[in-house]
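Numbers restart at 1 for each chain; the letters A, B, ... are given by sequence-line order, proteins then strands.
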Amino acid sequence: MDKVLTVEAMVAKVPDGASIVFGGSSLSRKPMAVARELVRQGRRDLTLIVNIGGPEVDLLLGAGAVKKVVYAFVGFEILGLAPHFRQARQRGLAQFEEWTEYTVIAGLDATIKAVPFLPTRAGLGTDVLAVNPAFRRIADPFGSGQELVAVPALNPDFAFIHVNYADCAGNAAILGDTHIDPLAAKAARTTFVTCEKLVPPEVLRRFGRDASILRIWVDGVAEVPWGAHPTGCAPQYRFDLDAFTQYLEAAAEPERWAAYLDRVRQLSPEEYVDHWGGTAGLQARLRV
Amino acid sequence: MDKVLTVEAMVAKVPDGASIVFGGSSLSRKPMAVARELVRQGRRDLTLIVNIGGPEVDLLLGAGAVKKVVYAFVGFEILGLAPHFRQARQRGLAQFEEWTEYTVIAGLDATIKAVPFLPTRAGLGTDVLAVNPAFRRIADPFGSGQELVAVPALNPDFAFIHVNYADCAGNAAILGDTHIDPLAAKAARTTFVTCEKLVPPEVLRRFGRDASILRIWVDGVAEVPWGAHPTGCAPQYRFDLDAFTQYLEAAAEPERWAAYLDRVRQLSPEEYVDHWGGTAGLQARLRV
Amino acid sequence: MNAVDYTPDELIIVAMARELGGEYLVSAVTPFGQLAAVVAKHTHAPDLELLATPESGAGSDPWPSISLGQFQGLSQGAVPITMEDVFDAIFRDRFRIWINPAQIDRHGNVNITAIGPWERPKVALVGSRGIPEDSSHLSQMLFYILQHSPRTVVERVDFRSGAGWGPDRERHLGLAGAPTRLVTNLGVFDFDGPDHSLRLRSLHPGVTTAAVQEASGCPVVIPPDPPITPPPTPAELAVLRAHDPLELRRWEWASEVDGLRRRWQEERAHLPLDHPEVRRWR
Amino acid sequence: MNAVDYTPDELIIVAMARELGGEYLVSAVTPFGQLAAVVAKHTHAPDLELLATPESGAGSDPWPSISLGQFQGLSQGAVPITMEDVFDAIFRDRFRIWINPAQIDRHGNVNITAIGPWERPKVALVGSRGIPEDSSHLSQMLFYILQHSPRTVVERVDFRSGAGWGPDRERHLGLAGAPTRLVTNLGVFDFDGPDHSLRLRSLHPGVTTAAVQEASGCPVVIPPDPPITPPPTPAELAVLRAHDPLELRRWEWASEVDGLRRRWQEERAHLPLDHPEVRRWR
């Protein structure tokens, strides 16, 4: 079984208006090649679902590709606030639904477990319940009097995940933090994996429990070296402060941002690596 | 931090009437040294919680130590039915509550997630719902009309788990199937781990994700070689058909069973190994 | 083409194998179920993902085992997955399993819990295990019975460990987890008779429709001129036999105790069981 | 005993460290939080289990990092745990974290979501992240603020990302997740004033009670003769400085951009980052 395809072909399968859950977390292992390709192909009206979102959400908001964001967090961590997320929130340029870290997990897990909701106490006593109309309050059916939050199932059309290694059948190994990626892979109707390197199945199996995404959940896989850049992908590379600085400078001014987007639209995944100095240039700055 | 103690000292902390969840599954990695020690110390009125139970449940039922069994399955797999479980069920010698594999998982997970219940569709259309009074039927709070089973939280007083390797702080590595052991460790008020071999913490960490039980969940750890015997403990040893044959022959007749129990009461964990030919004798038959 | 020699157990396993296809996690609980998956994978269903044990060891190529399932998975470098992974696959319908119930009834309800009333059974069996999960979520529910008789194929099971057709299913489950196939020593069946009742799909070679009806404790819908179950092909038989050198399938079939002991002693000689952790720590 | 030289950031971190104890998983989100955990573990709280990143790498001995958290965990052979493991630890109260909110109010509600109304904020911040989970389950809720001012310590937060005291807590949560400590650049506080209100526990050396009240946007309960926060010991300072050779704590304190760049370039020289997978595949 061979599920290998290009990132262009993956993204071509995503219609306008689709809902997408992204793997990774903040500045780590975000499927950025996919986010760029969504911009290149001019996708519109997307619903993005993230736990700890960052540059992927910000880029797509900045490109006008987004209708709605479901999120527990969107930011650039140590680099500050996400500029387009901030702007879009403040100007009402898209719909936003604030969840929390565990409720995003629970929403995906509800879909995985084929139930319409999962209960939690998380969110009680906060204003998340006031601003997020997706949740319901329910009583403990066993009569304790405890009130609970019913978290509805999240049903993303697509999951996009970037991993260290995968095989052609879609088995995938993540060597560092797995974040929500295994959950996203199981919950989405269609799951696409990009990887730093394709390896033979017998090599992939050697990663043992690091091979945390099983092929039965995966519909397509693409080898995209530096596919998480400018976010990091441990242990291969760390996040690229230079690239983020450029991004933040561009985002600060409309004309520069338009030029930045033009460049995103022009560069194929291979050209993108060349633009950043090729493998040698990137490794010199980013390998650890 | 040193949590090392003997299996005798662990079991001494278990009062009559306690509820215990056992790790392992059927003929694999059952904490049998603990089950034998519970018999030796004459514990009574225990509530046993198992997913795939087997010889540990059967021994304790046969010793009259059990008030109630919560189970999805109790049997000897390829060796047939569990003789004392069968007898106790047929003669009403203890209370029995039939759950299912996932609902046991969900009951433990509810405790871990600090909620009084978790919903599932498992059990709908079966007679498990008719005979198990612990469950409730609830409606989807989001109004789909779907009926669900509300699985109540399982709150075991103790978890007993047998693993391949552990360190003195209670970190534990399981190399084969983990079964419900990580869940049991997290859900119980007090968790005790027995292991084939204690190793230094820096060695334990090398097992990576195979170190699936973190010390924050563990209250005590004991080195008990062959502690799962006569069940198997991959990759160290497989189950002991000779020992099971003896057990089943003894269980078939009251006098022989009394003698069998006498022997269980006489042998310390070390003497038990000697009785079975010592390490050399056991390895000759059971190592793979 | 020459006729191929095969035994009844081999016919049953091959008939089971032919029901499997697609990309699913397939559980390995019994020798018959394991071998059906192995035969399917090596003939018409290469995308199946076989487990080395009921709940772990994905990506391996295991054969049936009395006690070596986990060892095979470890030795073959199979990916150790968790029970939660398996149930996720069940709930998302990415899982297949051949279930061998003690009783099955004309509407596909199955029983592995108790003969007689649950509260005080005549024979206490084992408990519902994971069948409630399977029978509420899978789009294909596969059963086999090695001794088709009025005691195993019944009008109504004593206890529903798994949900067949009936008012509860109509109300709560619909097609999710509904029974789809039964393979016995007499033939292949489905539940597409009137009112979702047991129906013959094919007769095993040499079996008559009268024998099927006589061996069943409930009416069986029998179509006119039922087809004959196609016999195993040489390719199917070759795969099957290569993956069961100790003939564990015969043990499941006949439950000979001496045979179990001999196989338990012999089986560890048949696998290259050489786990690095064992070498490191011994 | 000689007086020990220390800087304000070091005093704050040590005051934070002293609040930690027992056997808990401690998350590493910010340099201050990370260093507080490291100082505690290497002085009075050896049983703490430090994470190398917010959600993984247990059993390591990490120091604060701009981008190397995961790499440290991998290089040190830390056990990679999952987000689910972390939330299980939160729900079972085996977890501790120092949270740095944008606003905290007199009843310990905290805000990292938005300044101004949520629907159309004046400043959109980041979203509640995992604070709702912490503030409904942990028995110890620890907050720090590096710039104690009427904009950060307020009468009422613009948005409750985390649940302080109030009618919702009384009704649904009780003590689970209730705020317990606030450390700022001026002093150490709790919420044990009347009606669970903000109360001074100790003043940092040289700070007056008047300065505390002036810097706060809400009344602060100030006991007569409040104690002075004990300065860092030489042992505490030694641990702190050894684990922050690039002085990332200063960056969090001052947010100097050039400093970030320099540290990003330098930090990879400071760790023996040598993961076998990198060697194998490059």
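The shortest heavy-atom contact between B:Gly208 and D:Pro80 is C-CD, 3.9 Å. When all heavy atoms of D:Ala89 and B:Ile216 are compared, the pair lying nearest together is CB-CD1, 4.0 Å.
Proximity of a side-chain donor or acceptor of B:Arg215 to a complementary backbone N or O of D:Asp47 within less than 3.5 Å is detected. A donor-acceptor pair is defined here as one N or O able to donate and one able to accept, closer than 3.5 Å; no such pair exists between the side chain of D:Arg92 and the backbone of B:Ala114.
In this structure, the separation between CZ on B:Arg209 and OG1 on D:Thr82 is 8.5 Å, given to the nearest 0.5 Å. Taking CD1 of B:Ile112 as the start and CD of D:Glu84 as the end, the distance is 12.0 Å to the nearest 0.5 Å.
There is no contact between D:Phe87 and chain B, counting heavy-atom distances below 4.5 Å. For B:Asn171, the part sitting under 4.5 Å from any heavy atom of chain D is the side chain, from C-beta outward, and nothing else. Of the two parts of D:Ala176, neither the backbone nor the side chain holds a non-hydrogen atom closer than 4.5 Å to a non-hydrogen atom of chain B. Of the two parts of B:Ser212, neither the backbone nor the side chain holds a non-hydrogen atom closer than 4.5 Å to a non-hydrogen atom of chain D. For D:Asp93, no part lies under 4.5 angstrom from a heavy atom of chain B.
Of the charged side-chain nitrogens involved, at least one lies within less than 4.0 Å of a carboxylate oxygen, so that D:Glu23 and B:Lys3 count as a salt-bridged pair.
B:Leu214 has its side chain within reach of D:Leu25: a pair of non-hydrogen atoms, C-beta onward, lies under 4.5 Å apart.
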